[in-house]
Amino acid sequence: MSIRVRIAPSPTGNLHIGTARTAVFNWLYAHHHPDGQFILRIEDTDRERSQPRYTRNILAGLAWLGLDWQEGPIYQSNRLDRYQQVVEQLLEQGLAYRCYCTEAELEEMRAAQKAAGKAPRYDNRHRYLTEAERQAYEGEGRKPVIRFRIEEPQEVTWNDLIRGEIRWNTQDLGGDMVIARADGQALYNLAVVVDDIDMQISHVIRGEDHIGNTPKQILLYQALGSQPPAFAHSPLILNPEGKKLSKRDGATSVAEFQQMGFLPEALKNYLALLSWSPPDGEELFTLDKAATLFDFDRVNRSAARFDWDKLNWINSQYIRQLDAGELVERLTPFWQAAGFDLSTVPQSPWLLTLAQLISEGITRLTEAPPLSRFLLEPKLGYTLPALEQLRMAGVATALAEIAQLLVAIEPSTATPDTLKPPIDQVVKTQGIKKGVVMKSLRAALTGDLQGPDLMASFALLHQRGWAVERLQAVASLLPAPPP
RNA sequence: GCCCCCAUCGUCUAGAGGCCCAGGACACAUCCCUUUCACGGAUGCGACAGGGGUUCGAAUCCCCUUGGGGGUACCA
């Protein structure tokens with residue numbers, strides 16, 4: 001049997017991080033097998049809540065993560081006739097029937113059950129309506145929903161690939177289930193089963209929140225004369241407090257992680273590591289590598305909390321592994337978003353050197369613009385501590401002398417080594433501590449007391465032709481002399 | 001309420017009866033490196049939820065309790 005798995009997001013919201021993780025597991029499992037197929041299906045049967053912009057977001061998010069699929073996207077909204085046909089078939093076979101209950105009647109029923117201390121459920125009251133009763137309801141203008149008959153008591157069992165055997169008594173399924181709404185629209189459980197049968201899905205890998213749907217779907221498979229696929233229910237991702245992940249936790253959609261400066265390969269890596277671990281214990285890996293190792297026996301059964309620290313760390317590791325050219329490419333959108341004009345930057349190696357210079361100090365791409373601002377924006381701002389440093393006695397004079405010596409150094413030849421002699425010379429001639437000079441130099445050049453490697457920054461700045469003027473500008477920062 | 005799932009350091013996890021007075025990673029602390037901040041290196045702190053069994057022996061198997069999560073729609 002060939003391996004065919006699918007990710008089936010519903011476009012009622014942006015691509016959720018939990019959905020992305022499910023996609024990762026499916027992708028890994030498909031790619032673990034030489035003939036594995038990963039299929040994308042958009043479950044847009046809910047007309048009111050589904051929106052095209054969410055579909056776009058989901059497709060873009062999956063593409064950004066590089067979770068490519070072999071078939072699809074298949075839209076359920078294009079398969080409505082097929083569902084309708086299956087509903088008719090179940091009706092004809094007597095496995096489903098029309099239920100004319102109104103919303104009010106159902107609510108009343110559930111309220112009574114609750115008052116009696118019982119679990120709310122549909123009491124199958126319209127399962128055996130007579131032709132006359134049916135006519136009467138139709139006469140009232142009532143539009144029926146279609147319910148699928150769930151025989152009770154009966155035990156439904158499946159061997160979950162992650163959790164082992166799970167047993168479910170059909171008495172706990174809530175009564176005969178609605179498979180099509182009053183407007184004829186098929187509902188989730190029916191559509192999923194029909195699709196998974198038609199698409200020959202071999203393994204349904206999805207979140208734990210679907211465990212309760214599984215017995216209902218197995219019953220549907222049986223009614224449709226199909227062998228159910230294998231099921232694997234993965235643990236959920238919880239927020240750091242152990243609660244359901246929500247917008248309040250910083251980010252829930254993949255697009256937000258992208259905006260926050262995470263690399264897709266880092267996010268994927270982290271997602272794969274939540275509730276799964278490779279046999280060799282290695283925590284940094286590509287998904288291709290993980291695919292060769294992936295199997296359900298190494299998937300944990302307990303929910304995992306989302307840990308920003310760990311994600312940040314993984315991201316920083318990936319950023320450092322990127323080669324300079326790749327790094328510049330990834331950084332460019334963030335630099336542009338910060339408003340930097342990259343078209344005026346010096347010849348080729350300059351930007352690469354800059355990217356490499358700041359790469360060791362960042363954990364996310366968004367941290368790059370503030371760190372490289374002094375090299376990419378002509379106008380320099382000073383922090384208060386930097387100003388204080390520059391106003392210390394003797395500093396302006398020392399920096400002015402360095403500026404003077406700098407003029408003799410052709411910018412294109414500037415390197416940390418060629419820029420050292422002027423500094424040493426000033427230390428000697430002015431009898432000022434080297435530590436003070438270095439600190440002041442940083443303040444004058446970058447406007448701050450901390451940042452990337454000073455000499456490397458100095459070289460880049462001089463190559464750009466900005467070093468001399470920045471050193472000279474220090475004089476104007478001094479408070480006006482008393483009259 | 002009812003049903004289902006889960007339970008190892010703060011977090012992610014290794015562990016499928018003796019190799020474990022429990023290993024790794026992140027975080028945290030200290031030190032080293034570095035005329036900055038980081039990176040990197042070293043060291044440290046730190047857990048088998050509780051109670052019963054089974055067994056010569058239990059983090060590992062069983063039961064109960066407790067705790068957490070999920071579900072209980074004419075949503076998916």
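In what follows, chains carry the letters A, B, and so on, assigned in the order in which the sequence lines appear, proteins first and then strands, with residues in each chain numbered from 1. Because only heavy atoms are used, hydrogens play no part in the values below, and waters and symmetry mates are left out as well, while side chains stay in.
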Would you indicate what A:S275 reaches in the nucleic acid, counting non-hydrogen atoms under 4.0 angstrom: base, sugar-phosphate, or nothing?
-> sugar-phosphate
For nucleotides 40-51 of chain B, just jot down a letter per nucleotide in 5' to 3' order: B, S or -, based on protein non-hydrogen atoms under 4.0 Å.
-> S-----------
What pairs of nitrogen or oxygen atoms, one from the protein and one from nucleotides 61-67 of chain B, lie under 3.5 Å apart?
none

Residue pair A:Q76 / A:E43, side-chain donor-acceptor N/O under 3.5 Å = yes
What is the nucleic acid contact for A:G281, judged by heavy atoms within less than 4.0 Å: base, sugar-phosphate only, or nothing?
-> nothing
Partner set under salt bridge (Lys or Arg N to Asp or Glu O under 4.0 Å) for A:E151, not counting sequence neighbours | A:R127, A:R149
Nucleotide N/O to protein N/O under 3.5 Å, stretch nucleotides 4-6 of chain B:
{"from": "B:C5", "atom 1": "O2'", "to": "A:R163", "atom 2": "NH1", "distance (Å)": "2.4"}
{"from": "B:C5", "atom 1": "O2'", "to": "A:E208", "atom 2": "OE2", "distance (Å)": "3.2"}

How is A:R305 classified with respect to the nucleic acid when contacts are heavy atoms under 4.0 Å: base, sugar-phosphate, or nothing?
-> sugar-phosphate
Describe the nucleic acid contact of A:K243 in one word from base, sugar-phosphate, nothing, applying a heavy-atom distance below 4.0 Å.
-> sugar-phosphate
Quick one: label A:P452 by what it contacts on the DNA or RNA (base, sugar-phosphate, nothing), any heavy atom closer than 4.0 Å.
-> base
Side chain to side chain contact (heavy atoms under 4.5 Å, CB included) against A:Y54, all qualifying residues, sequence neighbours excluded | A:P11, A:N14, A:Q51
B/S/- contact track for nucleotides 71-76 of chain B, protein heavy atom under 4.0 Å = SS-BBB
Tell me what A:R298 touches on the nucleic acid: a base, only sugar-phosphate, or nothing, going by heavy atoms under 4.0 Å.
-> sugar-phosphate
